[in-house]
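All remarks here apply to the structure that follows.
As the structure lists them, so they are numbered: ligands from 1, and atoms in each ligand from 1. Along the sequence shown, residues carry numbers from 1. Model, not experiment: these values are computed from the prediction.
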Amino acid sequence: MRPRARIVPFRGEYYELSPEKRHLVRGLIYPVPDPSLPFLGVHLTRMLDGSVHAGPNAVLALRREGYRWRDVSPRDVADVARFAGSWRLARRFAFPVGWDEVRRSLSRKRFARSLARLVPVVGPDDIVRHGAGVRAQAVLPDGGLAEDFVIDRAPGQVHILNAPSPAATSALEIARHIADSTQA
Ligand SMILES: Cc1cc2nc3c(=O)[nH]c(=O)nc-3n(C[C@H](O)[C@H](O)[C@H](O)COP(=O)(O)OP(=O)(O)OC[C@H]3O[C@@H](n4cnc5c(N)ncnc54)[C@H](O)[C@@H]3O)c2cc1C
């Protein structure tokens with residue numbers, strides 16, 4: 001039986017490139033992923049309207065719907081703290097990775113420095129804050145991150161868990177999989 005995962009919220013914050021610098025990005029610019037790290041790292045995404053999103057980072061959210069640092073739920077924090085997998089995850093990643101993420105979240109300069117590894121001329125004055133998303137990340141009891149979508153069923157219900165990137169891209173395939181396995 002699959003070990004029971006717990007959902008831990010990780011906020012992904014975005015900046016947007018200022019209109020004067022949009023011409024620098026004509027497609028998608030990604031870093032080479034480091035497979036030892038849980039998240040991909042900030043990248044640059046040209047949107048259909050020509051705007052360019054920069055991000056997301058990955059910081060522990062202090063509320064399941066914690067889109068800002070000031071969104072705090074003692075109940076959600078306690079829920080994460082009571083789960084042994086959270087502490088095992090923290091032991092592996094809190095220092096230096098998690099700590100660096102927090103510092104980058106609080107500093108536009110640091111965020112811009114990360115982006116400059118992809119496009120060297122990007123500086124702190126070229127980016128403005130642009131919202132955030134929250135990844136409902138499934139963490140396993142051993143502190144590992146579930147690396148695939150998790151589909152749980154209960155009578156009359158289908159739950160699609162752990163659906164951060166690339167769940168939007170995969171939405172039709174996920175739907176097909178559920179439809180096929182429900183008919184079987
Ligand atoms: C930081 C981040 C980066 C990501 N990057 C990628 C990526 O690069 N590629 C990719 O494929 N996927 C990515 N994803 C995942 C993708 O965003 C999600 O898989 C996708 O948005 C899920 O779509 P959804 O329609 O199921 O849910 P959502 O997009 O979350 O939409 C649910 C909607 O329902 C609304 N809602 C919730 N409760 C209620 C209620 N009670 N009443 C009315 N409305 C309600 C919410 O406001 C929301 O608008 C990323 C996610 C995050 C957080």
Side-chain angles (χ1 to χ4, degrees), residues 5-17 22 25-35 37-73 75-77 79-80 86 89 93 97-98 100-108 110-112 114-115 117-119 127-140 145-154 156-182:
R6 180 74 63 92
I7 300 299
V8 176
F10 284 93
R11 187 171 53 251
E13 298 162 334
Y14 287 90
Y15 280 82
E16 189 172 275
L17 219 53
R22 283 178 183 173
V25 180
R26 282 174 296 184
L28 308 173
I29 305 181
Y30 281 77
V32 176
D34 179 342
L37 297 180
F39 297 112
L40 172 64
V42 297
H43 45 273
L44 291 150
T45 309
R46 187 180 170 87
M47 310 304 281
L48 287 174
D49 65 0
S51 63
V52 177
H53 287 184
N57 61 3
V59 286
L60 182 70
L62 303 176
R63 198 174 115 189
R64 281 176 176 236
E65 291 178 27
Y67 293 99
R68 302 161 301 182
W69 273 107
R70 63 174 178 274
D71 295 334
V72 181
S73 156
R75 201 180 69 168
D76 291 350
V77 172
D79 206 35
V80 170
S86 310
L89 179 70
F93 293 113
V97 178
D100 284 346
E101 285 284 357
V102 170
R103 292 200 297 169
R104 183 169 62 181
S105 165
L106 299 171
S107 160
R108 187 155 53 115
R110 280 179 185 276
F111 206 101
S114 299
L115 296 173
R117 292 180 63 202
L118 306 175
V119 180
I127 55 174
V128 285
R129 283 234 178 240
H130 190 82
V134 177
R135 304 175 184 88
Q137 177 67 48
V139 176
L140 302 169
L145 301 183
E147 285 182 2
D148 203 352
F149 314 129
V150 178
I151 299 175
D152 259 1
R153 291 164 191 276
Q157 301 170 18
V158 179
H159 299 274
I160 304 162
L161 309 174
N162 203 53
S165 182
T169 313
S170 318
L172 293 178
E173 246 349 279
I174 294 173
R176 199 166 293 134
H177 173 79
I178 290 171
D180 289 350
S181 57
T182 306

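Defined by atom type and a distance below 3.5 Å, a donor-acceptor pair is missing between the side-chain atoms of Ser86 and Arg6. In this structure, a donor-acceptor pair under 3.5 Å is present between the side chains of Arg153 and Ser181.
Residue-ligand proximity, Thr169 to ligand 1, at heavy-atom distances under 4.0 Å covers atoms 9 (N), 10 (C), 11 (O). Atoms of ligand 1 found under 4.0 Å from any heavy atom of Val134 (numbered from 1 in listed order, with element): 53 (C). Near Pro164, meaning under 4.0 Å from one of its heavy atoms, ligand 1 places the atoms 14 (N), 15 (C). Ligand 1 places these atoms under 4.0 Å from at least one heavy atom of Tyr14: 1 (C), 2 (C), 3 (C).
Looking at Asp71, its side chain does come within 3.5 Å of a backbone N or O of Tyr67 through a donor-acceptor pair. Looking only at distances, no side-chain donor or acceptor of Ser107 sits under 3.5 Å from a matching main-chain atom of Arg103. Side-chain N or O atoms of Ser73 include one that pairs as donor or acceptor with a backbone N or O of Asp76 at under 3.5 Å.
Applying the side-chain hydrogen bond (donor to acceptor under 3.5 Å, both in side chains) test to Gln137 and every residue at least two apart in sequence or in another chain returns Asn162.
Checking atom 7 (C) of ligand 1 against the protein gives a heavy-atom contact under 4.0 Å. Atom 28 (P) of ligand 1 is never approached by the protein to below 4.0 angstrom, counting heavy atoms only. Counting only heavy atoms, the protein never gets under 4.0 Å from atom 22 (C) of ligand 1. Distance check for atom 47 (O) of ligand 1: every protein heavy atom is found at 4.0 Å or beyond. Distance remark: protein heavy atom present below 4.0 angstrom from atom 15 (C) of ligand 1.
Among protein heavy atoms, the minimum distance from atom 13 (C) of ligand 1 is reached at Ser165 CA, 3.4 Å. Closest to atom 18 (C) of ligand 1 among all protein heavy atoms lies Ala163 O, 3.7 Å. Distance from atom 10 (C) of ligand 1 to its nearest protein heavy atom, with residue and atom name: Pro166 CA, 3.3 Å. Nearest protein heavy-atom contact of atom 52 (C) of ligand 1 is Arg135 CG, 4.0 Å.
Any N or O atom pair closer than 3.5 Å counts here, and Tyr30 shares no such pair with ligand 1.
Both the backbone and the side chain of Ala168 come within contact range of ligand 1, each with a heavy atom under 4.0 Å.
A salt bridge links Glu13 with Arg11: the closest approach of a Lys/Arg side-chain nitrogen to an acidic carboxylate oxygen falls below 4.0 angstrom.
Proximity of Ile151 to His177: side-chain heavy atoms (C-beta onward) are separated by under 4.5 Å at one or more points.
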Show me, pair by pair, the donor-acceptor contacts under 3.5 angstrom made by side chains of residues 42-52, not counting sequence neighbours?
residue: His43; atom: ND1; partner: Gly41; partner atom: O; Å: 2.9
residue: Arg46; atom: NH1; partner: Val25; partner atom: O; Å: 3.0
residue: Asp49; atom: OD1; partner: Ser51; partner atom: N; Å: 2.9
residue: Asp49; atom: OD1; partner: Ser51; partner atom: OG; Å: 2.6

